[in-house]
2 protein chains.
Amino acid sequence: MKIAEGQQKFVQAWGTLGAQWGINRTMAQIHAVLFLSPESLTTDDIMERLGISRGNANMNLRALIDWGIVFKEFKPGERKEFFYTTKNTHQLARQVMKERRRREIEPVLSILEELSDVKDDGTKEGKEFVKVTKEMKAFVEEANHLAAFLSKAEKNWITGKLLKLLK
Amino acid sequence: MKIAEGQQKFVQAWGTLGAQWGINRTMAQIHAVLFLSPESLTTDDIMERLGISRGNANMNLRALIDWGIVFKEFKPGERKEFFYTTKNTHQLARQVMKERRRREIEPVLSILEELSDVKDDGTKEGKEFVKVTKEMKAFVEEANHLAAFLSKAEKNWITGKLLKLLK
DNA sequence: CAAAAGTTTCAAAAAAAATTGAAAGTATGG
DNA sequence: CCATACTTTCAATTTTTTTTGAAACTTTTG
């Protein structure tokens with residue numbers, strides 16, 4: 001297989017995976033293009049490689065920067081902005097985990113916290129509600145802790161201690 | 001807070017979370033309704049509680065069954081189908097992990113596998129491609145193993161051995 | 001400071017995804 | 001085998017999300 005074809009496939013696959021995980025296809029594809037590129041790229045490079053408009057490229061690049069997984073660079077003598085992403089997959093995963101935790105898990109936890117106030121009214125529904133939301137809260141807290149831990153863990157900890165434990 | 005209000009909030013929050021993770025809002029809400037209900041429910045119950053059409057309720061219930069997180073039950077003397085979900089959050093998480101692994105991670109791994117065939121053409125792009133897709137493949141395999149492990153692990157293993165290790 | 005180069009914004013358009021509802025299909029019971 | 005109860009399907013519609021592209025804005029340079 002040729003490099004260009006491989007690049008196509010990778011960008012495509014990354015876009016599909018992103019879409020399934022609630023990240024817009026174009027955002028994931030921009031990330032894939034940057035991930036494969038040995039050099040940082042301009043907005044025009046990205047527009048061209050993905051065949052998308054300037055507005056679309058700009059908005060999704062901003063979103064990626066917001067997620068903390070793409071960075072801006074200025075090159076001496078150049079007026080354009082250059083963008084790049086980390087090639088370190090562990091760092092990438094940690095950052096995504098950190099952001100999803102902050103944006104999505106924490107709000108759900110606040111709501112589950114609020115729901116602890118609901119008092120059992122003695123009905124079957126009331127009893128069940130208190131019981132299952134309590135269990136759910138404990139579980140989400142546990143998952144949150146695990147994610148917090150993993151998003152701080154060093155690669156070596158994971159490939160070392162953790163993987164050893166799994167055996 | 002009253003039970004009914006709490007139920008509303010929970011269903012709403014679950015729908016939002018689902019949507020952010022690439023699961024359609026209604027599907028997540030149906031799951032939430034079943035999760036809170038002490039009894040198994042019929043299609044009509046769900047239509048009524050969420051104010052959705054029969055077609056919508058039916059399609060999303062089938063999808064939940066397909067995901068292995070909702071089950072059908074027949075009650076003696078009743079012609080209707082009754083639906084319920086597991087109240088065990090760990091089992092729920094394991095099942096979701098298992099399915100996402102099968103549906104989403106495995107296909108990406110096949111593609112990364114294919115991409116191992118791409119041979120370095122000596123260009124900068126070629127070298128980078130081989131290098132980063134190789135790292136990505138190693139990472140996705142590692143994550144896949146971890147997920148496979150967790151989706152088999154017992155609750156006690158996680159709250160015991162694993163959480164101990166994190167300290 | 002004016003022109004040029006580049007970036008951002010956002011209303012409108014397009015595309016994609018979800019939903020409806022009624023017709024077709026299936027199973028159950030008498 | 002017919003009537004009834006219930007489930008499934010899917011074309012049409014509605015809703016939501018994404019994308020476009022041109023105007024407004026900002027920055028740099030001569």
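Residue numbers start from 1 in every chain, and the chains themselves are labelled A, B, ... in the order their sequence lines are given, proteins ahead of strands. All values reported here derive from a predicted model rather than from experimental measurement.
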* Asked: Taking only side-chain nitrogens and oxygens of A:R62, does any of them come within less than 4.0 Å of OP1 or OP2 of C:dT8?
  -> yes

* **Nucleotide nearest B:E81 (side chain, heavy atoms from C-beta), chosen from C:dT19, D:dT18, D:dT7** => D:dT7

* Structure fact -> Taken to the nearest whole Å, CG/B:L61 to P/D:dT9 is 13 Å

* Distance in angstrom units between B:M59 CE and D:dC10 C1', rounded -> 7 Å

* Whole angstrom is fine here: how far is it from NZ in B:K75 over to P in C:dT28? => 18 Å

* **side-chain contact (heavy atoms from CB on, under 4.5 Å) between B:D121 and A:K2, intermediate numbers included** => CA-CA 8 Å; B:D121 60 1; A:K2 289 287 191 349; over 6 Å; no

* CG/B:N60 to OG1/B:T43 distance, rounded to the nearest 0.5 angstrom? -> 11.5 Å

* Asked: In terms of side-chain heavy atoms of A:N56, which of D:dT19, C:dT19, C:dT8 is nearest?
  -> D:dT19

Identify the pairs formed between an N or O of the protein and an N or O of nucleotides 28-30 of chain D at a distance under 3.5 Å, and give each distance.
| unit_1 | atom_1 | unit_2 | atom_2 | d |
| --- | --- | --- | --- | --- |
| D:dT28 | O2 | A:R79 | NH2 | 3.4 |

* **OP1 or OP2 of C:dT7 under 4.0 Å from side-chain N/O of A:N58** => no

* Asked: Looking only at heavy atoms, what is the nearest atom pair of B:K72 and B:F74, with distance?
  -> CD-CZ, 3.9 Å

* To do: Let me know the distance between CD1 of B:I23 and P of D:dT16, rounded to the nearest Å.
  => 19 Å

* Structure fact -> When rounded to whole Å, the CG to C1' distance for the pair B:N60 and D:dT9 reads 14 Å

* **Check ion pair A:K131-A:D120 (N to O, under 4.0 angstrom)** => no

* Asked: Atom CD1 of B:I65 and atom P of D:dT7: how far apart are they, to the nearest Å?
  -> 11 Å

* Asked: A:K80 side chain: which of D:dT20, D:dT7, C:dT7 is closest?
  -> C:dT7

* Asked: So does B:E73 have more than 12 non-hydrogen atoms from other groups sitting under 6.0 Å from CD?
  -> yes

* Asked: Atom CZ of B:F82 to atom C1' of D:dA5: distance rounded to whole Å?
  -> 13 Å

* To do: Give a yes/no verdict on a cation-pi contact between A:R103 and A:W67, requiring under 6.0 Å between NZ or CZ and the six-membered ring centre and an angle within 45° of the axis.
  => yes

* To do: Mark yes when over 12 heavy atoms from residues, nucleotides or ligands other than A:E48 sit less than 6.0 Å from its CD; otherwise mark no.
  => no

* Below 4.0 angstrom from OP1 or OP2 of C:dT19, is there any side-chain N or O of B:T26? -> yes

* Structure fact -> Of the listed C:dT7, D:dT19, D:dT7, the closest approach to the B:T43 side chain comes from D:dT7

* How close or far is atom C1' of C:dA16 from atom CZ of A:R25, stated in whole angstroms? -> 10 Å

